[in-house]
Novice: 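Below is a structure I'd like to ask you about.
In what follows, every chain begins at residue 1, and chains take the letters A, B, ... in the order their sequences are listed.
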Amino acid sequence: GQNIDQPTEMTATEGAIVQINCTYQTSGFNGLFWYQQHAGEAPTFLSYNVLDGLEEKGRFSSFLSRSKGYSYLLLKELQMKDSASYLCAVNTGFQKLVFGTGTRLLVSP
Amino acid sequence: GAGVSQSPSNKVTEKGKDVELRCDPISGHTALYWYRQSLGQGLEFLIYFQGNSAPDKSGLPSDRFSAERTGGSVSTLTIQRTQQEDSAVYLCASSLGEANYEQYFGPGTRLTVT
């Protein structure tokens, strides 16, 4: 089966740094995506990792360890607008993504 | 051009009725996906179209669900004899190619079965 685990909810303060973890056990692996989804809106792409290591893109970075089945999304200099759900998704190699249930991030002033 | 569009944005229907949900992908995107998102749940894969290949229907929850993609562009998801458990947001996404390409999501159709 396919299993992707993320924390259900996290809270952080404006200006802080937060790390959202994702662990996966899937029948295959061909890359991992992070998407952001604001309440009532469609998910939007944040990052894609297929090789081990850290990918940095502005305030957001994503890390992957294939041997550990582990990824994290790092958000720096948090802003109120970063309050959203963050979805981890694995390309299992069968031309479709398997999504985790998402982590709801609440940023407070 | 425009992003992925879906219609209707909201649909309320009575149990037992059939519904059709429409998705217009981004022009030039060969891959099209349908997902379902229930309250508090992750995105659940339903069906995948890639070019002229036979669709991957492995995520359809029952034979009441079907989808087609005409001319490699617009797609319609049909749910027959709707049940209350079908209530969810149905999201469509398209991408340039296979699953290692970024998927662009439409705004979704919120289906409520009463």
Novice: Please check if the side chain of D52(A) supplies one atom and the backbone of R66(A) the other of a donor-acceptor pair under 3.5 Å.
Specialist: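 Looks like yes, one N/O pair under 3.5 Å.
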Novice: Ring-plane angle category for H29(B) and Y104(B), please: parallel below 30°, perpendicular beyond 60°, tilted otherwise.
Specialist: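 Taking Y104(B) first and then H29(B), their aromatic rings sit tilted (interplane angle of 30° to 60°).
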Novice: Do any N or O atoms from the side chain of Q19(A) and from the backbone of I17(A) form a donor-acceptor pair under 3.5 angstrom?
Specialist: no
Novice: Please determine whether a side-chain nitrogen of the Lys or Arg among E77(A) and R59(A) lies less than 4.0 Å from a carboxylate oxygen of the Asp or Glu.
Specialist: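 Judged by the 4.0 Å cut-off on N to carboxylate O distance, E77(A) and R59(A) do not form a salt bridge.
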Novice: For Q37(B), which atoms come within 4.5 Å of any heavy atom of chain A: side chain, backbone, both, or neither?
Specialist: side chain
Novice: Is E20(B) paired with K11(B) through a side-chain N to carboxylate O contact shorter than 4.0 Å?
Specialist: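 A salt bridge is absent here (no side-chain N lies under 4.0 Å from a carboxylate O).
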Novice: Would you mind telling me which of L64(A), V18(A), L54(A) makes a side-chain contact (heavy atoms from CB on, under 4.5 Å) with Y72(A)?
Specialist: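 One option only clears the test, and that one is L54(A).
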Novice: Could you tell me which residues in residues 34-45 of chain A have at least one non-hydrogen atom under 4.5 Å from a non-hydrogen atom of chain B, sorted by residue number?
Specialist: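 Y35(A), Q37(A), A42(A), P43(A), F45(A), listed by number.
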Novice: As an exercise: rank T101(A), L87(A), V50(A) by heavy-atom pairs under 4.5 Å with chain B and give me the winner.
Specialist: T101(A)
Novice: Among D86(B), L91(B), L43(B), V89(B), which residue meets the side-chain contact (heavy atoms from CB on, under 4.5 Å) test with R36(B)?
Specialist: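 Only one option passes, and that is D86(B).
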